[in-house]
Amino acid sequence: MNVKAKPVVLVADAVASNLIWMNSLLQERYEIKLADSGAQALRIAQQLPRPDLILLAADLPQPDGFAVCQQLKRDPDTAGIPLLLIAPAGADAEQRGFAEGAADVLLRPLVAEAVLARSALQIELGQARSLLKHESHRLAHLVDERTGELRQMVDAVIWALASLAETRNYETANHLRRMQYYVRALAQRLQQHPRFAHELSDENIAYLYKAAPLHDIGKVSIPDSILLKPGRLTEAEFAIMKLHTVYGRDAIAGVEERLGFSNTFLRFAKEVTYSHQEKFDGSGYPQGLAGDAIPVSARLLAVADVYDAMISRRVYKPAFTHETALELIRQSSGQQFDPDVVDALLAVEQQFQDIAARYADATE
């Protein structure tokens, strides 16, 4: 069985008889270390194991007790050690001691019972603080674990919902993955841009990365006869197809209603589902928004989505080259797409190529 080590107490006093008296008084309860100068007290305070308590005479030489207090409290390694300052009665030492960071001040002549009681109190308080800090770290670790598990579950549900919509529309899981990385690359490029900086903090980019795969979840409500039609849609069919933006928005709004609150992730999810078909010149749907009235998240996703559609082979179309896709998007700058987002795409085009290669569809 391990025997619990005694708390370590450092006593610093220039008078030998005072050190002898303090050592005799405290040694039964504590492991005692003695110093007869301020410099020696500072050296011992840095040694391991560090003291659990320091009793410090104010009239120490080289430097005095007040200066030792200052130095110990400035050093992160010793700042947490409680200090009991021993000072003569009648001076302003008590007020000054507290000002320098002492936990308590003992006035001479010392009373044995007071020294024992106040030393024990500071030791117990120190042990309680140490236990509290340990428990705080343990709880933080548990919270991190649980939060990580919850985040993984949420990500899995998001992925399942997004995949359900995409697999009904000639798409693959890799398309969703590419969309996440495309949008993040654009967001990071525009993070310091004055038109986008307010929305694209590091935290928000992480939420947007998670929300991007949900942009087409509303397609689960579109009939197969329209969603999977290989030829051109009629005007009536296209009117139904356009409703996938509304269905997606309503699905996310339903989640908010059931939760009783919203957050940044749900806001982005609602924006990209509802507004990713809006066009910069106002000719898109479902609201006909134009310019900055279109949410930033939707403007980024629109460019990423069209780029990926162009370079991907589908049963109804061949794949365009990266260069052709870029040129067609460039030609639509200021019309279908936000010009600054197009410029961002051109600036990170190598990243887009790398993402497309890394997450290429197996059939390509």
Side-chain angles (χ1 to χ4, degrees), residues 169 171 175-201 204-205 208-209 211-216 232-233 238 241-242 244-245 248-249 268-314 316-360:
N169 189 38
E171 306 286 10
H175 164 68
L176 300 178
R177 188 63 73 194
R178 291 193 298 269
M179 289 297 296
Q180 287 185 306
Y181 284 101
Y182 291 152
V183 167
R184 187 168 70 178
L186 292 173
Q188 290 174 338
R189 177 67 186 183
L190 291 165
Q191 193 170 20
Q192 305 304 321
H193 193 290
R195 290 183 59 223
F196 300 87
H198 69 284
E199 190 73 310
L200 298 180
S201 64
N204 281 5
I205 291 174
L208 182 53
Y209 173 88
L214 295 171
H215 65 286
D216 272 340
R232 186 179 183 85
L233 297 179
F238 186 55
M241 175 64 85
K242 289 193 293 185
H244 80 275
T245 58
R249 186 268 323 263
F268 280 151
K270 192 161 58 175
E271 289 174 356
V272 298
T273 56
Y274 191 45
S275 301
H276 69 281
Q277 294 291 349
E278 300 287 0
K279 296 183 180 180
F280 197 72
D281 63 3
S283 63
Y285 65 87
Q287 294 178 283
L289 300 178
D292 288 348
I294 305 170
V296 169
S297 57
R299 278 180 268 158
L300 269 59
L301 193 132
V303 170
D305 196 25
V306 169
Y307 171 82
D308 198 64
M310 286 183 177
I311 67 164
S312 300
R313 181 170 61 85
R314 298 291 178 256
Y316 54 87
K317 63 170 281 296
F320 294 161
T321 64
H322 167 80
E323 291 73 21
T324 299
L326 249 57
E327 179 57 31
L328 291 173
I329 290 173
R330 184 190 290 109
Q331 291 176 12
S332 296
S333 178
Q335 301 167 26
Q336 184 172 352
F337 306 115
D338 185 324
D340 287 328
V341 181
V342 174
D343 289 344
L345 167 61
L346 298 177
V348 298
E349 65 168 297
Q350 186 58 55
Q351 287 181 247
F352 268 54
Q353 284 185 291
D354 293 342
I355 292 165
R358 188 181 313 126
Y359 299 105

Within-4.5 Å side-chain heavy-atom neighbours: Leu208 and Val272: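 Side-chain contact under 4.5 Å: yes.
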Minimum side-chain heavy-atom gap Phe196-Leu200 below 4.5 Å: yes
Short side-chain to backbone donor-acceptor contact, Ser333 and Arg330, under 3.5 Å: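 A pair under 3.5 Å: no.
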N/O donor-acceptor pair under 3.5 Å between Gln336 side chain and Lys279 backbone: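 No, Gln336 side chain to Lys279 backbone: no donor-acceptor pair under 3.5 Å.
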Using residues 291-298 as the side-chain source, report each donor-acceptor pair under 3.5 Å to any protein atom, sequence neighbours left out, with the distance given to one decimal.
| from | atom 1 | to | atom 2 | distance (Å) |
| --- | --- | --- | --- | --- |
| Asp292 | OD1 | Arg195 | NH2 | 2.4 |
| Asp292 | OD1 | Arg299 | NH1 | 3.2 |
| Ser297 | OG | Glu271 | OE1 | 2.5 |

Test side chain to side chain contact (heavy atoms under 4.5 Å, CB included) applied to Gln188 - qualifying residues, sequence neighbours left out: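 Only Arg184, Ile205 meet the side chain to side chain contact (heavy atoms under 4.5 Å, CB included) criterion with Gln188.
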Set of residues satisfying side chain to side chain contact (heavy atoms under 4.5 Å, CB included) with respect to Arg249, sequence neighbours excluded: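 If we apply the side chain to side chain contact (heavy atoms under 4.5 Å, CB included) test to Arg249, skipping adjacent residues, the hits are Val246, Lys270, Thr273, Tyr274.
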Partners meeting side-chain hydrogen bond (donor to acceptor under 3.5 Å, both in side chains) with Gln353 (sequence neighbours left out):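 Not a single residue meets the side-chain hydrogen bond (donor to acceptor under 3.5 Å, both in side chains) criterion with Gln353.
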side-chain hydrogen bond (donor to acceptor under 3.5 Å, both in side chains) against Gln350, all qualifying residues, sequence neighbours excluded: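 For Gln350, the residues satisfying side-chain hydrogen bond (donor to acceptor under 3.5 Å, both in side chains) (neighbours in sequence not counted) are Asp354.
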Set of residues satisfying salt bridge (charged side-chain N to carboxylate O under 4.0 Å, His left out) with respect to Asp281, sequence neighbours excluded: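 With neighbours one apart ignored, the set is empty.
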Those residues that, when tested against Arg358, pass salt bridge (charged side-chain N to carboxylate O under 4.0 Å, His left out) (two or more places apart):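 Applying salt bridge (charged side-chain N to carboxylate O under 4.0 Å, His left out) to Arg358 gives none.
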Parallel, tilted or perpendicular: rings of Tyr359 and Tyr181 (30°, 60°):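 The arrangement is parallel - the two ring planes meet at less than 30°.
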Distance from [X] atom [atom1] to [Y] atom [atom2], nearest 0.5 Å?
X: His198; Y: Asn204; atom1: NE2; atom2: CG; value: 9.5 Å
X: Glu199; Y: Leu190; atom1: CD; atom2: CG; value: 12.0 Å
X: Glu278; Y: Tyr285; atom1: CD; atom2: OH; value: 9.5 Å
X: Leu300; Y: Met179; atom1: CG; atom2: CE; value: 10.0 Å
X: Arg189; Y: Asp343; atom1: CZ; atom2: CG; value: 9.0 Å
X: Leu186; Y: Phe352; atom1: CG; atom2: CZ; value: 3.5 Å

Shortest non-hydrogen separation from [X] to [Y] and the atoms involved:
X: Pro213; Y: Leu176; answer: O-CD2, 3.7 Å
X: Tyr182; Y: Ile355; answer: CE2-CG2, 3.6 Å
X: Ala212; Y: Val183; answer: CB-CG2, 4.2 Å
X: Phe280; Y: Gly334; answer: CD2-O, 3.8 Å
X: Arg178; Y: Ala356; answer: CD-CA, 3.9 Å

Listed partners of His276 passing ring-ring contact (aromatic ring centres under 6.0 Å, His included), at least two apart: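 With neighbours one apart ignored, the set is His215, His244.
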Can I get a per-line list of side-chain donor-acceptor pairs under 3.5 Å for residues 318-326, giving both atom names and the distance, sequence neighbours left out?
| from | atom 1 | to | atom 2 | distance (Å) |
| --- | --- | --- | --- | --- |
| Thr321 | OG1 | Thr324 | N | 3.0 |
| Thr321 | OG1 | Thr324 | OG1 | 2.9 |
| His322 | ND1 | Tyr307 | OH | 2.7 |
| His322 | NE2 | Glu349 | OE1 | 2.8 |

